[in-house]
Protein chains: 2
Amino acid sequence: MDPVNKHGDRPPEDLTARARIRDAALAQFAERGYAAATLRGVADAAGVSIGLVQHHFGTKDGLRRACDTYATDTLASLDGLGVAGGEITDSDFLARMFRHSPLILRYIARAMVDGSPTAATFFDSGAATAEVFLTRTWPERFPPGSDRARDAAAVMAAMHQATIVLHEHLSRRMGADVLAAENSARIGLAMFDVYTSMADFAASDTGAAIRDGARTYQRGTSAAQQNGPGDDRDH
Amino acid sequence: MDPVNKHGDRPPEDLTARARIRDAALAQFAERGYAAATLRGVADAAGVSIGLVQHHFGTKDGLRRACDTYATDTLASLDGLGVAGGEITDSDFLARMFRHSPLILRYIARAMVDGSPTAATFFDSGAATAEVFLTRTWPERFPPGSDRARDAAAVMAAMHQATIVLHEHLSRRMGADVLAAENSARIGLAMFDVYTSMADFAASDTGAAIRDGARTYQRGTSAAQQNGPGDDRDH
DNA sequence: CAACCGGCAATACACACGTATAGCATCCAA
DNA sequence: TTGGATGCTATACGTGTGTATTGCCGGTTG
């Protein structure tokens, strides 16, 4: 049997050599990073000559841009329901992503820390979605346009995307490939556990002390960069 | 004034050319990644010849290993209080890290996704710390050695380290360098907000529905996997 | 048939990289 | 003074890289 879900349910024009090259590039860029990946490696993985890679994509950067736009388009096509509405369907979105193309998921994970301009768009999209969710669900805590909402949304996006970006370490630690479809729910449940537990901690005395300490520390530094007398050891 | 906190409070032997090369390598590896960084670039940044880099570190991989061990030692020296005890002094640990050497922080952030073997150790250390914290604070929810505790600890480590690994996107979105010492408290406060809010969401009807859906989905897919049946709702 | 054009391979080229080697000061013990 | 270490530079070498060039082959069009 040939490799499954490699060219799963894609239109037939995607089975051309050009598409094979793009898929190979997605995999190579994801596994080795842009700098370490070579055009000859991509050509070999795609089973074509290196000349054909240039014929279709011109330069190495052109190949990367093609991968970026392909990933962006695929993501946009999956954004149709749920995410665009500002719902927190993160796990559901990922589940669909797992099924559709783990290749793109791995590529995104690498691009996020590989200097790709598309990665910034992806992160900002996640942060924007989170911000809509936060301001809609708790308008009093996160007033629309406030710094508090913006900060929380950015941090929340980072925390969620961490499960993708750090999938290698996460998988090693959990003993399973967290980018495999059958394990998507496992991360979601663990995130629920972390959220509820850490909220308990935040509401506890020590949690409140830490938060207050951070608040006063922030007030001290926001005026002048010098560290105030604070540092109040939280036992 | 010369660049501050570049060779801040380090022993005098660190001001040798060898140390300057190491610092330049830390910066170059962090900014460009291992593959894209060049020995000539490191030599230029350190103000020495490329031959001296080889004289001190032999090969490029030797230079990377030297950076890894230096980062590891620095981390270990900061682990003295708080973290080793299993406390969740994450923000405090980071605050000290910010002050001591933002250089190493940036290096760690890159190494985490650049295939460095040290990065695995760093992640595992964070996950182990989190696991101790979870099992100590909520022993009934996270029994020591259970899959549930291990999963939650790994995800929690990933979520916390995300603020470092994704510092570039986070900083762009928040309009400030999140790896700067004066902003360390800001992330901590945002994380508190996210935790409390998402815990509310997890406790809501839709949150419970999502969790139950994930549970049944997971039961459907994990035939061989054994998770203790004693998961059920902890009120 | 002839001209042509896109898919594709083979090869050549210039360059930057990591690495190896040789040399030059300075210092310090014998 | 001699003679090696030591810190450091300069330069050469081989290789792998991205890219450019050339040409072949099959199908379409005039």
Side-chain angles (χ1 to χ4, degrees), chain A residues 7 10-70 107 110-111 114-118, chain B residues 7 10-70 107 110-111 114-118:
Chain A
H7 311 280
R10 292 213 275 273
E13 60 100 4
D14 261 9
L15 297 176
T16 63
R18 181 187 163 96
R20 288 210 321 276
I21 295 173
R22 181 189 10 81
D23 283 357
L26 285 168
Q28 291 284 313
F29 287 158
E31 286 172 23
R32 316 194 180 196
Y34 177 77
T38 73
L39 290 184
R40 284 173 176 83
V42 171
D44 284 359
V48 301
S49 75
I50 187 177
L52 193 60
V53 179
Q54 308 180 78
H55 175 68
H56 279 299
F57 301 97
T59 143
K60 189 182 183 183
D61 190 66
L63 182 57
R64 193 230 276 256
R65 278 200 303 272
C67 291
D68 275 0
T69 61
Y70 179 70
Y107 178 77
R110 171 70 74 163
D114 214 13
S116 163
T118 300
Chain B
H7 311 280
R10 290 213 276 273
E13 59 100 5
D14 262 9
L15 297 176
T16 62
R18 181 188 163 94
R20 288 210 321 276
I21 295 173
R22 180 187 13 79
D23 283 357
L26 286 168
Q28 291 284 313
F29 287 157
E31 286 172 21
R32 316 194 180 196
Y34 178 76
T38 72
L39 290 184
R40 284 173 177 83
V42 171
D44 284 359
V48 300
S49 74
I50 185 178
L52 193 60
V53 179
Q54 308 181 78
H55 176 68
H56 280 300
F57 301 96
T59 143
K60 189 183 184 183
D61 189 66
L63 182 58
R64 192 228 276 256
R65 278 200 302 271
C67 291
D68 275 0
T69 62
Y70 180 71
Y107 178 77
R110 171 70 74 164
D114 214 12
S116 164
T118 300

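Computation of the quantities below employed the complete heavy-atom set of this structure, encompassing side-chain atoms and omitting hydrogens, waters and symmetry-equivalent molecules. Remember, it's a predicted structure, so these values are computed and weren't measured experimentally. Letters A, B, ... are given to chains in the order of the sequence lines, protein chains preceding strands, and every chain is numbered from 1.
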Quiz item: Quick one: does A:V48's side chain get under 4.5 Å of A:R20's, heavy atoms only?
Solution: yes
Quiz prompt | Heavy-atom pair with the smallest gap, counting every atom of B:L52 and B:A17 | solution = CD2-CB, 4.1 Å
Restricting both atoms to N or O, compile the protein contacts to nucleotides 15-20 of chain C shorter than 3.5 Å, with distance only.
residue : atom : partner : partner atom : Å
C:dG18  : OP1  : B:K60   : NZ           : 3.0
C:dG18  : OP2  : B:L39   : N            : 3.0
C:dG18  : N7   : B:R40   : NH1          : 2.9
C:dG18  : O6   : B:R40   : NH2          : 3.0
C:dT19  : OP1  : B:T59   : OG1          : 3.1
C:dT19  : OP2  : B:T59   : OG1          : 3.4
C:dT19  : OP2  : B:K60   : N            : 2.9
C:dA20  : N7   : B:Q54   : OE1          : 3.1
C:dA20  : N6   : B:Q54   : NE2          : 3.1

Exercise. Taking all heavy atoms of B:A46 and all of B:I21, pick out the closest pair and write down the distance.
Key: CB-CA, 3.8 Å
Using a cutoff of under 3.5 Å, can you pull out all pairs of nitrogen or oxygen atoms linking the protein to nucleotides 22-25 of chain C, with atom names and distances?
none

Exercise. Grab the two heavy atoms, one from B:R64 and one from B:G115, that are nearest each other, plus how far apart they are.
Key: NH1-C, 4.3 Å
Quiz item: So, for A:V42 and A:A24, which heavy atoms are closest and what is the spacing to 0.1 Å?
Solution: O-CB, 3.7 Å
Self-check item: Residues which pass side chain to side chain donor-acceptor pair (under 3.5 Å) with A:R40, listed by chain and number, not counting sequence neighbours
Solution: none
Practice problem: Please state how far atom CZ in A:F29 lies from atom C1' in D:dG18, giving the value in whole angstrom units. | Solution: 12 Å
Practice problem: Could you name each residue pair satisfying salt bridge (charged side-chain N to carboxylate O under 4.0 Å, His left out) that touches residues 50-62 of chain B, not counting sequence neighbours? | Solution: B:D61-B:R65
Quiz prompt | Where at least one partner belongs to residues 17-64 of chain B, residue pairs that pass ring-ring contact (aromatic ring centres under 6.0 Å, His included), sequence neighbours excluded | solution = B:F29-B:Y34
Quiz item: Could you give the CG-to-P distance, from A:D44 to C:dA9, as a whole number of Å?
Solution: 11 Å
Self-check item: Partners passing side chain to side chain donor-acceptor pair (under 3.5 Å) against B:D68 (at least two apart in sequence or in another chain)
Solution: B:Y107, B:S116, B:T118
Sort me out a list of protein N/O and nucleotides 3-7 of chain C N/O pairs below 3.5 Å, or just none if empty.
residue : atom : partner : partner atom : Å
C:dG7   : OP2  : A:H55   : NE2          : 3.4

Quiz item: Can you check whether B:A37's main-chain N or O pairs, donor with acceptor, with B:R32's side chain at less than 3.5 Å?
Solution: no
